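Only a predicted model underlies this, so the values are computations on that prediction, with no experimental measurement involved. Just so it is clear, the values below take in all heavy atoms, side chains as well, and ignore hydrogens, waters and symmetry mates.
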Amino acid sequence: MIKLSDIDLGSTLLSIFILIGFIATAFVFAKLTIIGINYVKVNYFEEERENKDKKLREKESKGF
């Protein structure tokens, strides 16, 4: 096992902070992906709903 006195403290801290940075970046990308997917879902369903409303209004305005 490596002795604690043989480990360079600065190098270890730098490695730990770089690892934390990579993990935080992964969380940010995951969160942005989820936000993007939800944004597309909301807009797609809203557009689909508007198209259905237009079709219903067209049918009602034709008469029978």
- Working to the nearest 0.5 Å, report the span between CG of Asn38 and CD1 of Ile34.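 So the CG of Asn38 and the CD1 of Ile34 are separated by 7.5 Å.
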- Message: With rounding to the nearest 0.5 angstrom, report the CG to CG distance, Leu14 to Asp8.
- Response: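 Result: 10.0 Å between the selected atoms.
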- Among Ile20, Thr25, Leu19, whose side chain to side chain contact (heavy atoms under 4.5 Å, CB included) with Ile23 holds?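 Answer to the side chain to side chain contact (heavy atoms under 4.5 Å, CB included) test with Ile23 among Ile20, Thr25, Leu19: Leu19.
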